Amino acid sequence: MTDAEWALIEPLLTVAATGPLPRWVRDQFNGAIWAFRAGSGRRDVPDRYGPWSTVYSRFSSWAGAEVFPGLMDALIAEAAGRGLVNLDLVSLDSTVVRAHQDSAGPPSPERPWTLWSRR
């Protein structure tokens, strides 16, 4: 992560109420991002980011404090302020798109209300 990227992210991360974040918090954040990008388990985080358990506990506390949705909103707002938001790249998660009742498959005794059972 570049210094410019970190300057945008640092104010949004919570660790303590006073003072700037220590250097190792940046390493822990990078470790969490590395795990997502690599698709690896939490125990596979490279040592340069600190102990895997510390990286995981920091990520877990940030997730519990809902830091990541706020971070995403702030980064989108910052990009929009510079005119860099492109809504052509927006996609839908198909898990929330309603499907027709017949898309679930053939009828079964457990689902007698489907349209298939009326044919």
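Numbering of residues begins at 1 and proceeds along the displayed sequence. All values reported here derive from a predicted model rather than from experimental measurement.
With sequence neighbours excluded, the residues satisfying salt bridge (charged side-chain N to carboxylate O under 4.0 Å, His left out) with Arg82 are Glu78.
How far CZ of Arg42 is from CH2 of Trp52: 5.5 Å, rounded to the nearest 0.5 Å. Taken to the nearest 0.5 Å, the CG atom of Leu8 stands 11.5 Å off from the CG atom of Asp3. To the nearest 0.5 angstrom, Thr54 atom OG1 is 8.5 Å from Trp24 atom CH2. A distance of 11.5 Å separates CZ in Phe29 from CD in Glu10, rounded to the nearest 0.5 Å. Between the CG atom in Asn30 and the CH2 atom in Trp6 there is a gap of 7.5 Å [rounded to 0.5 Å].
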Run the numbers on Met1 and Ile9 for side chain to side chain contact (heavy atoms under 4.5 Å, CB included), then give the verdict.
CA-CA 10 Å; Met1 173 177 318; Ile9 293 170; 3.9 Å; yes
Could you check Arg48 against Trp34 for side chain to side chain contact (heavy atoms under 4.5 Å, CB included), going step by step and ending with a plain yes or no?
CA-CA 11 Å; Arg48 68 180 176 264; Trp34 181 91; 4.1 Å; yes
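Taking the six-membered ring where the residue is Trp, Trp62 and Phe68 present perpendicular rings, their angle passing 60° and hence far from 30°.
Scanning both residues, Gly31 and Val55, for their nearest heavy atoms gives C-CG1, 3.9 Å. For the residue pair Val45 and Ala35, the shortest heavy atom distance occurs at CG2-CB, 4.1 Å.
A donor-acceptor distance shorter than 3.5 angstrom exists from the side chain of Ser57 to the backbone of Ser53, with no hydrogens or angles considered.
Contact check on Arg58 versus Asp27 returns no salt bridge, with no Lys/Arg side-chain nitrogen under 4.0 Å from an Asp/Glu carboxylate oxygen.
Within 6.0 Å of the CD atom in Glu5, the count of heavy atoms belonging to other residues, nucleotides or ligands exceeds 12.
The hydrophobic cluster containing Leu75 does not contain Leu84, counting ILVMFWY residues as joined when their side-chain heavy atoms lie under 4.5 angstrom apart, directly or transitively.
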